[in-house]
Amino acid sequence: LQEEGYWTLLFNIAQIQELENALPMALQYQVDGLIITSTTLSSQMAQECVRAGTPVVLFNRYATDTNINVVRCDSIAGGRKVADAFLDAGCQRLAFIAGEEASSTNRDRERGFIDRIRERGADLSFRESAGDYRYTLGYEAAQRLLQRDDPPDAIFCANDLIALGALDLARSKLGIQIPEELSIIGFDDIPSAAWPGYDLTTIRQPVKPLVDNTLKVLLDAIETPGSDALEIVISPSLVWRGTARKVAS
């Protein structure tokens, strides 16, 4: 943005509810445009931006009832890829650990996963919620799943931090063999997912294309006021590492 001649103001939103208070404050600065990364945008707030003539891009989030620019990863497709990976490998007791329940990313990852499982004639066996995208909460959610009498043999985690918590719980505390006894797949492909100690199989978000498209959409909207809102959806990819069994022979 600085290369394009713009200065950046960064507003940290600690909780979803605070966006309703922070957005009017941002608009008071008479900014040229807004990128919202932390949450979705209500219809009321979207209309406030429209009235102010301020272009908005939702980054990796979307809201179905707003006419706002969106650039996002296809989380539904990512969830479907995980379902295929588990089922192709012969996994039978599939589980999902949710992250932030209200986020569109969490909903889409779960929806794609479950829809694909059902299309292939199977069912989701277990569901747990971490409640947020944090390591400690993933650890605790995995503990609830894996200490059952009939634990899952495959867990799809809503993001990598949850998956790393689940992985440490399974390996270090319960002594479960990964991936022979349990497959774990995350979502994002954060740098620590590739560390040898984790070697996490995960869905890679296409970060550079997401960022590049977000900036292009925002700058185009600034230069062409009143243009139609765009939605750009970019496909993720499955990165095979050592925490998920591959196709059964």
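Computed from a prediction, not measured in an experiment: that's the story for all the values here.
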Checklist entry - Hey, what do you get for CG (Leu219) to CG (Asp32), rounding to the nearest 0.5 Å? => result 9.5 Å
Item to check | Val217-Val233 co-clustered via ILVMFWY side chain contacts under 4.5 Å | outcome: no
Checklist entry - For atom CG of Asp150, is the number of surrounding heavy atoms from other residues, nucleotides or ligands below 6.0 Å larger than 12? => result yes
Next on the checklist: Just by distance, no angles: are the side chains of Gln205 and Asp188 close enough, under 3.5 Å, to form a donor-acceptor pair?
Outcome noted: yes
Next on the checklist: Counting neighbours of CZ on Arg120 that are heavy atoms of other residues, nucleotides or ligands and sit closer than 6.0 Å, is the number greater than 12?
Outcome noted: yes
Next on the checklist: If hydrophobic residues (ILVMFWY) are linked whenever their side-chain heavy atoms come closer than 4.5 Å, directly or via other members, who joins Phe96 in its cluster?
Outcome noted: Val82, Phe86, Leu87, Leu94, Phe113, Ile114, Ile117, Leu124, Phe156, Ile185, Phe187, Ile203, Leu238, Trp240
Checklist entry - Does Asp88 offer a backbone N or O that forms a donor-acceptor pair with the side chain of Arg245 under 3.5 Å? => result no
Item to check | Polar side-chain atom of Glu110 near backbone of Asn106 as donor-acceptor pair, under 3.5 Å | outcome: no
Checklist entry - Got a second to check how far Asp199's CG is from Arg241's CZ, nearest 0.5 Å? => result 7.0 Å
Checklist entry - Do Cys91 and Ser183 have side-chain heavy atoms sitting under 4.5 Å apart? => result yes
Checklist entry - Is the closest side-chain heavy-atom distance between Arg118 and Asp123 below 4.5 Å? => result yes
Next on the checklist: Could you see if Ile36 belongs to whatever hydrophobic cluster contains Tyr29? Use Ile, Leu, Val, Met, Phe, Trp, Tyr and a side-chain cutoff under 4.5 Å.
Outcome noted: yes
Checklist entry - Would you say the side chain of Val70 lies within less than 4.5 Å of the side chain of Val57, judging by non-hydrogen atoms? => result no
Next on the checklist: Just by distance, no angles: are the side chains of Thr8 and Gln2 close enough, under 3.5 Å, to form a donor-acceptor pair?
Outcome noted: no
Checklist outcome for this item: Students should find that the hydrophobic cluster of Ile76, defined by side-chain heavy atoms under 4.5 Å apart, otherwise consists of none
Checklist entry - Should Val71 and Leu1 be counted in the same cluster of Ile, Leu, Val, Met, Phe, Trp and Tyr side chains packed under 4.5 Å apart? => result yes
Checklist entry - Are Phe11 and Leu58 joined in one hydrophobic group, where the rule is that I, L, V, M, F, W and Y side chains link up if heavy atoms are under 4.5 Å apart? => result yes
Checklist entry - Is the CZ atom of Arg171 crowded by more than 12 outside heavy atoms at less than 6.0 Å? => result yes
Item to check | Spacing of NZ belonging to Lys173 relative to CD belonging to Gln143, to within rounding of 0.5 Å | outcome: 3.5 Å
Item to check | Gap separating the CZ atom of Phe59 from the CG atom of Asn213, nearest 0.5 angstrom | outcome: 10.0 Å
Checklist entry - Would you find a donor on one side and an acceptor on the other, under 3.5 Å apart, between the side chain of Thr224 and the backbone of Ser227? => result no
Next on the checklist: salt bridge (Lys or Arg N to Asp or Glu O under 4.0 Å), that's the test. Do Arg127 and Glu101 meet it? Break it down for me.
Outcome noted: CA-CA 12 Å; Arg127 185 190 191 277; Glu101 295 280 5; 2.8 Å; yes
Item to check | Flag if over 12 foreign heavy atoms under 6.0 Å of CD, Gln92 | outcome: no
Item to check | Stepwise salt bridge (Lys or Arg N to Asp or Glu O under 4.0 Å) check, Asp84 with Arg80 | outcome: CA-CA 6 Å; Asp84 282 334; Arg80 293 174 66 87; over 6 Å; no
Checklist entry - Looking at CZ of Arg134 and CD of Glu100, how far apart are the two atoms once the value is rounded to the nearest 0.5 Å? => result 11.0 Å
Next on the checklist: I need the minimum non-hydrogen distance between Gly186 and Ala163, along with the two atoms involved.
Outcome noted: CA-CB, 3.8 Å
Checklist outcome for this item: So CG of Leu34 and CG of Leu27: to nearest 0.5 Å the spacing works out to 5.5 Å
Checklist entry - Are Thr202 and Asp160 close enough that a side-chain donor and a side-chain acceptor fall under 3.5 Å? => result yes
Next on the checklist: Would you say that Arg204 contacts Pro236 through its side chain, given a criterion of any heavy-atom pair below 4.5 Å between the two side chains?
Outcome noted: no
Item to check | Transitive ILVMFWY side-chain link Val239 to Ile234, under 4.5 Å | outcome: no
Item to check | Check against salt bridge (Lys or Arg N to Asp or Glu O under 4.0 Å), Asp212 and Lys208 | outcome: CA-CA 6 Å; Asp212 290 346; Lys208 189 176 187 306; 2.7 Å; yes
Checklist entry - Residues sharing Phe126's hydrophobic cluster, by side-chain heavy-atom contacts under 4.5 Å among ILVMFWY, directly or via others? => result Ile97, Tyr133, Tyr135, Tyr139, Leu145, Leu146, Ile155, Leu161, Ile162, Leu164, Leu167, Leu169, Leu174, Ile176, Ile178, Leu182, Ile184, Ile190, Trp195, Tyr198, Leu200
Item to check | Under 3.5 Å donor-acceptor, Asn60 side chain and Arg72 backbone | outcome: no
Item to check | Heavy-atom closest pair, residues Asn69 and Ala221 | outcome: ND2-CB, 4.2 Å
Checklist entry - Got more than 12 heavy atoms from elsewhere within 6.0 Å of CD, Gln30? => result no
Item to check | Student check: side-chain heavy atoms of Ser235 and Pro206 closer than 4.5 Å | outcome: no
Checklist entry - Ala158 and Arg109: which non-hydrogen atoms are nearest, and at how many Å? => result O-NH1, 2.6 Å
